[in-house]
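First up is the structure itself, then whatever we jot down about it.
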Amino acid sequence: MAWLRVVDALKAEVGTKVTVKGWIRTRRDSKAEGGLSFLNVHDGTCFDPIQVVCPGSLSNYASEISKLTTHCSVECDGTIVATPKGGKEISADPANGGAVRVIGWVDDPDHYPIQPKQHTMEFLRENAHLRVRTNTFGAVARIRHTLSMAMHRFYHERGFFYVHTPIITASDCEGAGQMFRVSTLDLMRPLPRVAPEQESAEAKKLREEFSKKPNMPAWTYGQVDHCKDFFGKEAHLTVSGQLNVETYCTALSRVYTFGPTFRAENSNTSRHLAEFWMIEPEIAFADLQADSELAEDFIKYLINACLTERADDMKFFDERIEKGLLTRLGHVLNTPFRRLPYTEAIKILEKAIAGGKKFEYPVKWGIDLQSEHERFLTEEHFKQPVILMNYPKQIKAFYMRLNPPGTDGAPGDTVAAMDVLVPGVGEIIGGSQREERLDVLDARITEMGLPIKEYWWYRDLRRYGTVPHAGFGLGFERAMMFITGMGNVRDVIPFPRTPGSAEF
Ligand code: 4AD
Ligand code: MG
């Protein structure tokens, strides 16, 4: 008997002898004399389980099969037969060599957390080590895989090179200061509170002793000196691989990075994680227009990949998670994204307010758009993905290219930034054309009070053969939400990290 995955067994010819290995989803017993049970066996290879028909003539029917419960693991030998509805199932009749072997029992089945019934998402988060055993989380896991593979394929097919950017970094890419520290120093020891000349002899002795220990920071009055730290300077977990990937872009032309990124923003929302994955392409000899075209093609490619490769899971999301999901995604595939200058967006929002629309945050040119504004634009006003472009420079990162004055009739300076907003999620992509002119970049770094010395290697890219270039970052979990209709970012990553929560 050939061992087939459930996905293949469901497609095997009637009459084929097969073995399947997996876990029981449900067991149903018929009242037939002598015993007859139906096992739904799944192995995660597709959405559907396969039914294994077990007659009472199996030698272990009374002792084992009739006692199987959800998630017991089994090996089943049998013959593929057609079901009245046109599907396939396995007959485990021992007269034709059928057998069911129990591999692992479930302890205390009444208290097994993942019973075959509807659980709340909150309950499943508390059981994140077991939740992938449910239909929903099995489907999420398969889509996550499909989406990652599609991302690599999209760039590979277009001649991009995959670059592994570091996770530990000494520079703050977004300049927003929301970083997790990486240190081997024992920072638990309180810093001296008094100036050295006011220190008591006893405190001085203690301080000097501690300073001799290998993991103690060198104490200077009021601040930690990181020269004794592992890297000899302050280091953090990266918030974005962009600055590093730009170095490769200015030699390989088209590159991307895909990895985990970390942000210590204390926002407990359904769209923010402290650890999330981001895919960041970077293209040389390109402007914001080319960047936005790449972003649009990319999102459409990803939707298409999930629809064609995982039709079974997508059908489930459409029926059980977000009614109308497939129609929504079909609409996104078939319409060009709306491109809209920030300055125009503000006018639209102001007009909506004049017409009676209420927002929590006031709107005026120069504000950082809040999620309520973004969602109004994409969900209510345009009802389609929107690429907002050319934001006020004050609210964007230092590396974004300064636009000529008066771009889009803006009342202040703007930068060549873009955010892609999608219905249901809001911002899914953030990107920009990069400032390739050294003098303008330096002025921006200085103006924003960033430590210009730390950016010496980034500035070198502008000194040696600079070129216009652009890129963006797609939040992988936001893309997952958009494509599956799942409502909380904590439910599209296996083990979510959020403020106050790092279990598992
Ligand atoms: O807009 P962001 O901050 O852009 C950057 O980091 C750029 N350096 C990217 C680049 O140009 N190479 O983040 C990019 C995307 C956001 O649009 C959002 O989808 C996602 O990353 N994101 C988060 N996703 C989950 N949890 C968080 N805390 C996120 N912060 C950003
Ligand atoms: Mg952003």
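Order of appearance sets the numbers: ligands from 1, and atoms from 1 within every ligand. Since the model is a prediction, treat every value here as computed from it, not as a measurement.
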**Report entry** Check: Arg133 and Tyr112 side chains under 4.5 Å, non-hydrogen atoms
**Finding:** yes
Query raised in the report: How long is the span from the CD atom in Glu282 to the CZ atom in Arg254, to the nearest 0.5 Å?
Result: 12.0 Å
Report summary line: Among Glu282, Glu275, Arg434, Glu280, closest by heavy atom to atom 11 (O) of ligand 1 is Arg434
Query - Option of least heavy-atom distance to atom 2 (P) of ligand 1 (set: Glu246, Glu265, Arg263, Gln242) - result: Arg263
Query - Atoms of ligand 1, numbered as shown, that sit under 4.0 Å from any heavy atom of Tyr399 - result: 7 (C), 8 (N)
Requested in this report: Please write down residue, atom name and distance for the protein heavy atom closest to atom 26 (N) of ligand 1.
Outcome: Leu273 N, 2.9 Å
Would you mind writing out the side-chain donor-acceptor pairs for residues 418-429 within the sub-3.5 Å range, not counting sequence neighbours?
residue : atom : partner : partner atom : Å
Asp419  : OD2  : Tyr391  : OH           : 3.4

Query - Heavy-atom pair with the smallest gap, counting every atom of Leu243 and Trp457 - result: O-CZ3, 3.6 Å
Report summary line: His272 meets the side-chain hydrogen bond (donor to acceptor under 3.5 Å, both in side chains) criterion, sequence neighbours left out, with Thr269
Report summary line: A correct count of protein N/O/S atoms found below 2.8 Å of the Mg ion (ligand 2) gives 1
Query raised in the report: So which protein heavy atom does atom 22 (N) of ligand 1 come closest to, and at what separation?
Result: Phe276 CE1, 3.4 Å
Query raised in the report: Closest heavy-atom contact between Met486 and Val492?
Result: CB-CG1, 3.7 Å
Requested in this report: Not counting sequence neighbours, which residues clear side-chain hydrogen bond (donor to acceptor under 3.5 Å, both in side chains) with Asp8? List them please.
Outcome: Arg5
Query raised in the report: Is ligand 1 under 4.0 Å from a heavy atom in the side chain of Glu477, in the backbone, in both, or in neither?
Result: neither
Query raised in the report: Atom CG in Leu325, atom CG in Leu307: separation rounded to 0.5 Å?
Result: 8.0 Å
Query raised in the report: Do Tyr256 and His152 touch side chain to side chain, with heavy atoms closer than 4.5 Å?
Result: yes
Requested in this report: Find all atoms of ligand 1 within a distance of less than 4.0 Å from any non-hydrogen atom belonging to Arg271, and give their numbers and elements.
Outcome: 25 (C), 26 (N)
Query raised in the report: Can you tell me how far NE2 of His42 sits from CZ of Arg25, rounded to the nearest 0.5 angstrom?
Result: 4.0 Å
Query raised in the report: Which ligand 1 atoms does Ile429 reach within 4.0 Å, using its non-hydrogen atoms?
Result: 17 (O)
Query raised in the report: Can you tell me how far the CZ atom of Phe276 sits from the CZ atom of Arg271, to the nearest 0.5 Å?
Result: 12.0 Å
Query raised in the report: Side chains of Met151 and Phe476: does their closest heavy-atom pair fall under 4.5 Å?
Result: yes
Query raised in the report: Which atoms from ligand 1 have a heavy atom of Glu427 less than 4.0 Å away?
Result: 1 (O), 16 (C), 17 (O), 19 (O)
Report summary line: of all protein heavy atoms, closest to atom 7 (C) of ligand 1 is Glu174 OE2, 3.3 Å
**Report entry** Short side-chain to backbone donor-acceptor contact, Thr466 and Glu436, under 3.5 Å
**Finding:** yes
Query - For Gly473, atoms of ligand 1 separated by under 4.0 Å from a heavy atom - result: 9 (C), 10 (C), 11 (O), 12 (N), 14 (C), 15 (C)
Query raised in the report: Should you measure from each heavy atom of Ser240, which atoms of ligand 1 turn up under 4.0 Å away?
Result: 6 (O), 8 (N)
**Report entry** Nearest protein heavy atom with distance in Å, relative to atom 18 (C) of ligand 1
**Finding:** Arg478 NH1, 3.5 Å
Report task. Identify, for atom 20 (C) of ligand 1, the protein heavy atom at the shortest distance, and state residue, atom and that distance. Result -> Gly475 CA, 3.6 Å
**Report entry** Closest protein heavy atom (residue, atom, distance) for atom 19 (O) of ligand 1
**Finding:** Ile428 O, 2.8 Å
